[in-house]
Amino acid sequence: MPELPEAETLARGLRTLIPGSVVRRTRVIHPDVLRVPARRFRTSLTGRTVTAVGRRAKNLVLELDGGDGALVVNLGMTGRLVPMGFPGADRGRPTHPAVRFAFGQGRSLVFDDVRRFGSLEVFDAAGWAERSRQIGPEPLSPGYRWTRLREDLQRSRTPLRNWLLDQRKIAGVGNIYANEACYRAGVRPHRPACDVEETEARALHRAIREVLEEGIEHGGTTLRDYRNVDGEPGGNQRRLRVYGREGAPCPSCATPVERTVFGNRSAFFCPRCQS
DNA sequence: AGTGTATCCTGCAGGC
DNA sequence: TGCCTGCAGGATACAC
């Protein structure tokens, strides 16, 4: 589920609550969201202070002890982070808690995940830097230019939509925003990446940034599970032009939106507006 | 290298 | 009401 805009929305919400919290106790309810034994995970966190909340691709990055490592949370399809006991609005109860971090004073943060495709991992500073290097460029960073996108696209014959989903090539794009970006750029999701023309690459670069920025602006897209830290759904789903709209009229030309499946995922496009 | 497929897991919607 | 199938925002491992 959560793609860059949803992870960013969560990071912003958590940033106002969590920094300064000290992990007093970690309860692992479902160890299958960890990559190390639960005991090792717990000891790597106990006593450490969360000093900042950031985002890299679709991951939430909870920095520990002023940058001396990080707890990195990948939300998978249905993962949520639920702050509990903090002053402010009621935030609803976790329904499928997998890991709970207790901060003392009745405050805690719960990683809640119905399907448990999410994962939690603790890195030291060097380890996280290394992992982060394996992830592609952040599309919203000012230094990410269309020329870079164009160069990278030319190295692959994989369908454009699949290329956009590959976190090693570009960070944070998932199936919703990939399809929406292809639509806005007027390029079919099946087109080989290296066949994207220069003018299309320019349009695609703009489209990727637009859909992600609008997603953030509207608090993320909620199809079913996504909630922000206040337990509220996002508002971006109303703005989707093709994703999940099979058979519905294209907002631009009214031709029915088509759905095809490749790479094990649905792709949505307008057969008239996208070539 | 690239691509298609299966897998992890649960819930929900739709058809009968 | 119940049973069955298909589908879901992600990531990875595998065979070809």
Side-chain angles (χ1 to χ4, degrees), chain A residues 1-11 29-35 55-60 72-81 94-99 111-121 131-132 134-136 139 152-183 189-196 208 211-212 214-216 218-228 232-247 259-268:
Chain A
M1 92 108 315
E3 308 181 28
L4 186 154
E6 293 74 37
E8 179 64 28
T9 303
L10 269 176
I29 299 141
H30 283 294
D32 52 358
V33 300
L34 308 178
R35 291 176 182 181
R55 178 194 60 73
R56 173 80 171 102
K58 304 170 188 173
N59 304 291
L60 289 158
V72 178
V73 180
N74 185 293
L75 298 166
M77 293 277 248
T78 53
R80 297 173 54 190
L81 282 169
T95 54
H96 296 72
V99 178
F111 177 65
D112 189 79
D113 190 355
V114 174
R115 293 173 73 181
R116 300 201 301 283
F117 289 175
S119 65
L120 305 179
E121 208 168 349
R131 168 64 63 89
S132 184
Q134 295 165 5
I135 304 172
D152 292 347
L153 284 169
Q154 283 184 314
R155 290 198 208 99
S156 172
R157 296 183 355 251
T158 203
L160 176 58
R161 196 283 313 262
N162 293 5
W163 190 94
L164 291 167
L165 295 184
D166 187 339
Q167 300 300 297
R168 294 167 302 187
K169 301 195 165 62
I170 185 169
V173 180
N175 205 29
I176 295 177
Y177 296 99
N179 278 283
E180 292 295 308
C182 289
Y183 171 77
H190 328 66
R191 281 264 295 282
C194 56
D195 288 357
V196 174
I208 291 166
V211 297
L212 296 176
E214 285 179 26
I216 294 170
H218 297 99
T221 300
T222 298
L223 298 183
R224 178 171 296 146
D225 303 291
Y226 171 74
R227 294 292 183 280
N228 67 18
E232 290 159 354
N236 196 245
Q237 55 279 6
R238 294 191 305 269
R239 313 185 77 83
L240 302 180
R241 300 187 186 169
V242 287
Y243 187 89
R245 298 190 63 249
E246 181 183 17
R259 180 178 87 98
T260 61
V261 177
F262 58 95
N264 256 354
R265 324 278 306 262
S266 291
F268 299 88

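We name chains A, B, ... by the order of the sequence lines, and we start the count at 1 in each one.
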Side-chain N,O (Asn74(A)) to OP1/OP2 (dA11(C)) below 4.0 Å: yes
Phe268(A) backbone acceptor or donor facing Glu246(A) side chain under 3.5 Å: no
Selection from dG2(B), dG11(B), dG9(C) that lies nearest to any side-chain heavy atom of Val114(A): dG11(B)
Between dG9(C) (P) and Arg80(A) (CZ): distance, integer Å: 19 Å
Complementary nucleotide of dG2(B), counting Watson-Crick and G-U pairs under 3.5 Å: dC16(C)
side-chain contact (heavy atoms from CB on, under 4.5 Å) partner of Asn59(A), the single match among Ile135(A), Leu4(A), Leu75(A): Ile135(A)
Asp32(A) CG - dC8(B) C1' separation (whole Å): 9 Å
Qualifying residue, where the test is side-chain contact (heavy atoms from CB on, under 4.5 Å) with Ile176(A) and the options are Val242(A), Asn236(A), Leu223(A): Leu223(A)
5' precedence on DNA chain B between Lys169(A) and Arg116(A) (nearest-nucleotide basis): Lys169(A)
Interatomic distance, Tyr243(A) OH vs dG10(C) C1' [rounded to whole Å]: 11 Å
Donor + acceptor pair across side chains of Tyr177(A), Glu6(A) (<3.5 Å): yes
Polar side chain donor-acceptor pair, Ser266(A) to Arg259(A), under 3.5 angstrom: yes
d(CZ, Arg168(A); P, dG10(C)) in whole Å: 15 Å
Who pairs with dG9(C) - Watson-Crick or G-U, where each distance is under 3.5 Å: none
Side chain of Lys58(A) - closest among dG2(B), dG9(C), dG10(C): dG10(C)
Face-to-face stacking of Phe117(A) with dC8(B), centres under 5.5 angstrom, angle under 30°: yes
Shortest non-hydrogen contact between Leu212(A) and Pro139(A), atoms and distance: CD1-CG, 3.5 Å
Partners meeting side-chain hydrogen bond (donor to acceptor under 3.5 Å, both in side chains) with Arg116(A) (sequence neighbours left out): Asp32(A)
Sugar-phosphate, base or nothing in reach of Ser266(A), heavy atoms under 4.0 Å: sugar-phosphate
Whole angstrom value for the distance that separates P of dG10(C) from CG of Leu4(A): 12 Å
dG6(C) versus dT5(B) - spacing of their P atoms, nearest Å: 15 Å
Donor-acceptor under 3.5 Å (Gln167(A) side chain, Val173(A) main chain): yes
Output one line per pair: protein atom, nucleotide atom from nucleotides 4-7 of chain B, and distance, for all N/O pairs under 3.5 Å.
{"residue": "dA6(B)", "atom": "N7", "partner": "Asn264(A)", "partner atom": "ND2", "Å": "2.8"}

Arg265(A) vs Arg259(A), nearer the 5' end of DNA chain C by closest nucleotide: Arg259(A)
Any Thr158(A) side-chain nitrogen or oxygen under 4.0 Å from OP1 or OP2 of dT3(B): yes
Between dG11(B) (P) and Asp112(A) (CG): distance, integer Å: 11 Å
Length of the CG-C1' vector between Asp113(A) and dG11(B), whole Å: 13 Å
Nearest-angstrom distance from the residue atom CZ of Arg224(A) to P of dG11(B): 12 Å
His96(A) vs dG11(B): side-chain N/O to OP1/OP2 distance below 4.0 Å: yes
